[in-house]
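Read the structure below first, then the notes.
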Amino acid sequence: MRAWTLPAAGIALLVWGEWLNRRWSRTLVTADRGGSRAVVVLGYRNPSESINLINRWRVRAGLRSVGTGAGSDTVVVFSGGPVGGGTAEARLMAEYARSALHFEGHILIEDQSRTTWENITNVVPLLEDAQRIAITSQPAHALKARAYLRRQRPDLADRLVRADDYRLGEWTLLKPLLAAYGLWTLRGLTGAERRQ
């Protein structure tokens, strides 16, 4: 085995993870032409009363997705019930956004969902008036949620825009694992839902 084989394989794996996560973040979305915006932040199983690392990252990505100069017609919707512990993920994320990140914008909380399908079902009534909808999570999970919105409400799915939940170099070392896990979680989607 040549000395460069292992480093080259590692680099190829990192590039693959970046490429796949970037592709997923840009699938099933339309061009963002402005207008009122709803940013949906999906929770992740939180086993304790304090917010976990993944939910903290999702909140930051969700607030990045609001964009600069967002007006009073922009709302952030935190979605997630008490899946891993006693406190709903949505409530932990909203509290983190307010207290740690000093977010002063409009927040709505959906705190009953236990699955991604339920996340979408339960946030739909909160999205009716938004001209643009961004769903924030890890890219594979956000793609799955966008596909579910297309199944449940195709009229709202036409309003989907890209969230700022993929950045080159962010989580780079974990992206191959996230990509592999994403491929497994997306196996229930049709080919058309996985590509645009």
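Worth saying up front: this structure is predicted, and the values here are computed from it rather than measured.
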Evaluate the side-chain proximity of Leu14 to Pro176: yes if any heavy-atom separation is below 4.5 Å, no if none is.
yes
Result for side-chain hydrogen bond (donor to acceptor under 3.5 Å, both in side chains) between His141 and one of Asp165, Thr185, Thr136, Thr116 points to Thr116
Smallest separation among heavy atoms of Ala142 and Ile135, with atom names
CB-O, 3.6 Å
Heavy-atom check, side chain of Arg22 versus side chain of Leu168, under 4.5 Å
no
Which atom of Pro82 lies closest to which atom of Asp111, heavy atoms considered:
CD-O, 3.8 Å
Donor-acceptor pair, Arg98 side chain versus Phe103 backbone, under 3.5 Å?
yes
Do Val75 and Val39 make a side-chain contact, defined as non-hydrogen atoms from C-beta onward lying under 4.5 Å apart?
no
Do the side chains of Leu101 and Tyr96 get nearer than 4.5 Å, heavy atoms only?
yes
Could you tell me which residues satisfy side-chain hydrogen bond (donor to acceptor under 3.5 Å, both in side chains) with Asn122, sequence neighbours excluded, listed by chain and number?
Glu110, Ser113
His106 side, atom NE2; Asp73 side, atom CG - distance, nearest 0.5 Å
11.0 Å
Looking at Asp129, I want to see if its CG is surrounded by more than 12 non-hydrogen atoms of other residues, nucleotides or ligands under 6.0 Å.
no
Going by distance alone, is a donor N or O of one side chain under 3.5 Å from an acceptor N or O of the other, for Arg37 and Thr74?
no
State, to 0.1 Å, how close Tyr166 and Pro139 come at their nearest heavy-atom pair, and which atoms those are.
CB-CG, 4.3 Å
Residue pairs fulfilling salt bridge (charged side-chain N to carboxylate O under 4.0 Å, His left out) with at least one residue in residues 168-191, sequence neighbours excluded
Glu18-Lys175, Arg64-Glu170
Under the 3.5 angstrom rule, does the side chain of Arg146 hit a backbone N or O of Thr27 as a donor-acceptor pair?
yes
If you take all heavy atoms of Arg167 and Asp164, which pair is closest and at what distance?
NH2-OD2, 2.8 Å
Classify the side-chain pair Arg58/Gln138 by whether it contains a donor and acceptor separated by less than 3.5 Å.
yes
Let's go through Leu108 and Phe78 carefully: what are the C-alpha distance in whole Å and the side-chain angles of both, what is the deciding distance for side-chain contact (heavy atoms from CB on, under 4.5 Å) to 0.1 Å, and is it a yes or a no?
CA-CA 6 Å; Leu108 295 175; Phe78 292 107; over 6 Å; no
Is there a side-chain contact between Arg151 and Leu189 in this structure, where contact means two heavy atoms from C-beta onward sitting under 4.5 Å apart?
yes
Might you confirm whether atom CZ of Arg91 has over 12 heavy atoms from other residues, nucleotides or ligands at distances under 6.0 Å?
no
Sub-4.5 Å side-chain heavy-atom contact between Leu127 and Val40:
yes
Val59 and Val41 have their tightest heavy-atom pair at N-CG1, 4.2 Å
Under 4.5 Å between side-chain heavy atoms, counting indirect links through other Ile/Leu/Val/Met/Phe/Trp/Tyr residues: same cluster for Leu13 and Trp19 or not?
yes
Can you tell if the side chain of Asn55 reaches within under 4.5 Å of the side chain of Leu92, non-hydrogen atoms only?
no
Does a side chain donor of either Ser79 or Asn119 reach within less than 3.5 Å of an acceptor in the other side chain?
yes
Among residues at least two apart in sequence or on other chains, which ones pass side-chain hydrogen bond (donor to acceptor under 3.5 Å, both in side chains) with Glu104?
none
Smallest heavy-atom separation, Ile109 atom then Ala90 atom, equals CG2-CB, 3.6 Å
Are any of the side-chain heavy atoms of Asn46 and Val83 separated by less than 4.5 Å?
no
Treat each ILVMFWY residue as a node, draw an edge where side-chain heavy atoms are under 4.5 Å apart, and state whether Leu186 and Tyr148 are in one component.
yes
